[in-house]
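All values reported here derive from a predicted model rather than from experimental measurement. Reminder, nothing fancy here: chain letters follow the sequence lines and each chain counts from 1.
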Amino acid sequence: MNMKIKISPAIKNLNEVKSFIEENFKSWGTPYMDMMDIILAVDESITNIITHGYDEPSDKESIELFIEQKGNIVTIKITDNGKKYDFHATPAPDIRKNLSGDKRGGFGVHLVKSVMNHVEHTWNNGKNTLIFTKIITPVT
Amino acid sequence: MEKNVEIKLLSNHTAVAYPVGRLDVAVSAELEDQLVKSVEENSIDKLVLNMENVEYMSSSGFRVAIALLRKLTDKGGTLKICNLKPAVKRIFDVIELTSLFEIFDAEEEALASLT
C-alpha cells in the first residue's frame with residue numbers, strides 16, 4: 001500500500017497533506033497513535049522545509065511526499081529542491097533559552113527523531129531527501 | 001481574525017482557556033497572540049489551559065504553551081494544563097517536558113490546585 005502527494009512550498013498546503021495521510025491510513029487500518037506519530041513527523045519536516053528551505057512561496061509543486069506500508073513497517077520519503085540542510089546537525093532543543101525567551105522552538109527535529117524508528121537525510125543533484133521508517137503496532 | 005480559543009473569565013484574576021482544533025504552524029502564532037492579549041487585557045495571573053478540544057498539536061503548539069508559561073511566570077502567575085488527548089499528551093512526553101508543566105486529568109482538579 002502506498003500514497004503519494006506533491007505540494008508547492010506554502011504553509012497553507014499542510015492541512016491538505018495531513019488530511020490526505022489520515023484518509024489513507026484510516027482506510028489501511030493503521031493504528032491511530034502510529035498514524036498520529038507519522039502525521040507529526042511529516043508536519044514538522046515539511047514545516048521546516050517550507051520555512052527554512054524556500055525564500056518565498058511558489059506555485060511549483062516541488063515538495064513530494066511518498067508513504068509506503070509493507071506489513072508493520074511504514075517508510076516515509078520527502079524530497080524537495082529547497083536549500084540544502086543537515087537534518088542530523090540540528091541541535092537538541094534548549095529549554096532554558098526557550099523559557100527565558102532567548103530562543104523560540106527547536107523542538108521539531110527532536111520530535112521527528114523521537115517518534116520515528118530510523119531517520120536518514122541525503123542531498124543529491126540539488127535535492128534533499130528525507131527518509132523515515134516507523135515500525136507500527138501489529139494489528140491483532 | 002479567526003478565533004482559535006474561547007476564554008472563560010473567573011474571579012480572582014483566574015481564567016480557563018479552551019483552544020480548539022489542530023494546534024499547528026498555521027494557527028499557533030494567532031493563538032499565542034489571542035491568549036497573550038487576553039492575559040494582559042484581563043489581568044489574568046492564573047490560567048488553566050483546557051485541551052479537551054485539541055486533537056493534534058505540533059511543536060508550534062508546544063511553543064505557545066511555553067510562551068504562556070513564560071508570560072505568566074514573569075508576572076508571578078501560574079499556568080496549569082488539563083484534559084490532554086492521548087496524541088497531544090504524547091508530544092509532552094516525547095519532549096520530556098511533562099515536568100515543566102503542571103498537568104491534570106480534569107479542569108476541576110486544575111482549578112482546585114490554584115487555591
Are A:W123 and A:Y54 in one and the same hydrophobic cluster, where Ile, Leu, Val, Met, Phe, Trp and Tyr link if side-chain heavy atoms are under 4.5 Å apart?
no

Correct closest heavy-atom pair for B:V94 and A:S114 would be CG1-CB, 3.2 Å

Would the B:F62 and B:F92 ring centres measure less than 6.0 Å apart?
yes

Under 4.5 Å, counting heavy-atom pairs only, tell me which of A:K12, A:E44, A:M36 racks up the most with chain B.
A:E44

Audit row: A:S8, A:N13, side chain to side chain donor-acceptor pair (under 3.5 Å) steps and yes/no:
CA-CA 7 Å; A:S8 59; A:N13 294 326; 3.0 Å; yes

Non-hydrogen atoms of chain B under 4.5 Å away: do they reach the side chain of A:I11, the backbone, both or neither?
side chain

Starting from the C-alpha separation in whole Å, work towards a yes-or-no answer on salt bridge (Lys or Arg N to Asp or Glu O under 4.0 Å) for A:K127 and A:E64.
CA-CA 11 Å; A:K127 282 195 172 186; A:E64 185 173 315; 5.9 Å; no

Look at the side-chain heavy atoms of Ile, Leu, Val, Met, Phe, Trp and Tyr, link any pair under 4.5 Å apart, and say whether B:F104 and B:L114 land in one connected group.
no

Considering residues, nucleotides and ligands other than A:K83, do more than 12 of their heavy atoms fall under 6.0 Å from its NZ?
yes

Atom CD of B:E6 with >12 non-hydrogen neighbours under 6.0 angstrom:
no

Surrounding CG of A:D86 (heavy atoms of other residues, nucleotides or ligands, distance under 6.0 Å), is the total greater than 12?
yes

Highest number of heavy-atom pairs under 4.5 Å with chain B among A:T47, A:L14, A:D43, A:T51 belongs to A:D43

Against chain A, residues from residues 70-86 of chain B with at least one heavy atom under 4.5 Å, in numeric order, are B:R70, B:P86

Go through it in stages, so that I can follow the logic: the residues are A:Q69 and A:T30, the test is side chain to side chain donor-acceptor pair (under 3.5 Å), and I'd like the CA-CA distance, side-chain angles, deciding distance and then a yes or no.
CA-CA 9 Å; A:Q69 182 173 332; A:T30 308; 2.9 Å; yes

Between B:E55 and A:K18, does the salt bridge (Lys or Arg N to Asp or Glu O under 4.0 Å) criterion hold? Intermediate values first, please.
CA-CA 13 Å; B:E55 300 288 340; A:K18 283 181 273 192; over 6 Å; no

Residues 38-50 of chain B vs chain A, non-hydrogen distance cutoff under 4.5 Å, contacting residues -> none

